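Here the structure is a predicted model, which means the values were calculated and not measured.
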Amino acid sequence: MTITTHPVDTTAASPGARPGGQGAPDRAWTIVARREITAKLTDRAFLVGTLLTTVIVIAILVIQGIMGSRTQTFTMAVTSADASMANAVARAAHATDDKVVITPTTVAGQSAAEAALRDGTADVWLHRGADGWVLTGDKEVDSTLSTATVSAVRDVVLPQNAAAAGTSEAALTAGSNVTKSLLQGDAARQDFGVGLGIILGILFYISSMTFGMTLAGSVVEEKSSRIVEIITTKIPVRALLTGKILGNAALAFAQMALYAVVGLVGLTFTDYDTYLPSVSSTLGWFFAFFVVGFLLLACLWAVVGALSSRQEDLQSTAMPVTMLMLVMYLGVFFLHGTALTVASYIPPLSAILMPLRVAQGVAAWWEPLVALGLLLLAAAAVVAVAERLYRRALLQTQGRLSWRQAWNTAE
């Protein structure tokens, strides 16, 4: 990773600033934050990456919209004797889904029907079998077509059988209806929520890794070039840490907001537009957890940079944070049921897992509030610890430090 070091504007510092930052302005962190933001906004790789991700999101939504609005057409071969059943199937399929169109085509017999299947002029052949009706395909029978045919044949044959038995259709089917109920909401919404939660989890992981490594690399670059020794004579180390974290957090939040706006607008052109109210609520919670979770992780990434004296040290010092983020990421895919519920309260796993449960519609209204409160407490503790580690390791340039060494190093 190549980090470009930008000169620091120290004109805002007080003339009498002493080494260690004593006497520096209270809002010196804003200078650092502006510098971090400016550096990113002039970084071509960052801009191209953001643009590329936005294009991918748009492309996915466009494809989804096209696929959702696409009419499925099928040609059904049938003999003249069975034409009435084919017409009934066509009417039933279109009544169930207006994007499904079945066109019956009359063939002379079995040989003609099989030839039509082989040359592709017919998708299926509907004909009578030894015990009912048979739907024959060349290599496969489309599931939509099969479901429509089964339903239509039942609706046609059942009244005929009832009349032949001297009874009514209602009496014949009494007690045979099966209805569905769910303990935890609508299944289709849950499936959509799972997909949305996974996408948000992936975006959280990518954003935290990208900005985290950039933040750590920036700290190492300043240490290896010894410019940090000049910076800390003008502003406090705490202000330097605060500015770096908040500058990167602002960029990450803006990037996520861009993706969210693009996603919401694109969603209105798909069949999932009815889920917009629930999506908006999910995004609200996601951003709340994203801000707190990102700040927590950014503090750790800053410490990772402070522990290193060279870019080559980052792989080693970053290992604990990298493994932590990997656990968070894998939790989205492998935690279910009680394990997911419990983990969604544990910081920093909750930053990804609680929004996932909210997206699924299985979290009670109070659960994200409790999880967010716990995450805030954890973030406050991490900030205090990270500030001490960062302050004590930042000016140590004699090689890589361990987390324990940094904690015990004298200031």
Side-chain angles (χ1 to χ4, degrees), residues 60-182 185-192 194-195 269-275:
I60 292 173
L61 292 169
V62 168
I63 293 172
Q64 181 63 48
I66 292 174
M67 295 298 293
S69 61
R70 183 172 61 92
T71 299
Q72 292 180 280
T73 58
F74 303 97
T75 300
M76 178 178 286
V78 66
T79 62
S80 56
D82 300 330
S84 60
M85 181 61 77
N87 290 328
V89 171
R91 289 192 298 270
H94 194 67
T96 303
D97 187 349
D98 60 3
K99 294 185 178 64
V100 176
V101 176
I102 298 176
T103 304
T105 180
T106 304
V107 295
Q110 178 177 346
S111 297
E114 291 176 351
L117 291 177
R118 292 191 183 96
D119 63 24
T121 56
D123 297 299
V124 290
W125 169 35
L126 180 65
H127 57 100
R128 293 180 184 273
D131 183 23
W133 292 82
V134 179
L135 196 61
T136 302
D138 183 23
K139 295 181 179 179
E140 62 177 354
V141 175
D142 185 87
S143 59
T144 300
L145 188 56
S146 176
T147 301
T149 302
V150 170
S151 177
V153 169
R154 183 182 62 245
D155 291 344
V156 171
V157 173
L158 192 60
Q160 295 174 352
N161 291 344
T167 185
S168 65
E169 182 183 353
L172 195 64
T173 60
S176 64
N177 289 333
V178 177
T179 58
K180 294 188 297 183
S181 65
L182 297 170
D186 179 67
R189 184 196 179 284
Q190 287 186 27
D191 291 341
F192 175 80
V194 170
F269 298 98
T270 70
D271 291 338
Y272 299 117
D273 58 342
T274 56
Y275 296 134

Can you tell me how far apart CD1 (Ile102) and OG1 (Thr149) are? Round to the nearest 0.5 Å. 5.5 Å
Which value, rounded to the nearest 0.5 Å, describes the distance between Asp123 atom CG and Leu145 atom CG?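 Asp123 CG to Leu145 CG: 7.0 Å, rounded to 0.5 Å.
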I'd like to check [X] versus [Y] (side-chain heavy atoms, cut-off strictly below 4.5 Å). Are they in contact?
X: Leu135; Y: Met76; answer: yes
X: Trp133; Y: His127; answer: no
X: Met85; Y: Val78; answer: no
X: Leu126; Y: Val89; answer: yes

With respect to Thr75, which candidate in Leu117, Thr105, Thr121 satisfies the side chain to side chain contact (heavy atoms under 4.5 Å, CB included) definition?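 Among Leu117, Thr105, Thr121, the one meeting side chain to side chain contact (heavy atoms under 4.5 Å, CB included) with Thr75 is Thr105.
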Give me the atom names and distance for the closest heavy-atom approach of Thr79 to Gly109.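 Nearest pair, atom of Thr79 first, then Gly109: CG2-CA, 4.1 Å.
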Nearest atoms (heavy-atom pairs only) where Arg128 meets Asp82: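 In this case the closest contact between Arg128 and Asp82 is NE-OD1, 3.4 Å.
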So, does Thr106 use its side chain to make a donor-acceptor pair with the main chain of Ser80 at under 3.5 Å?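 It does not hold such a pair.
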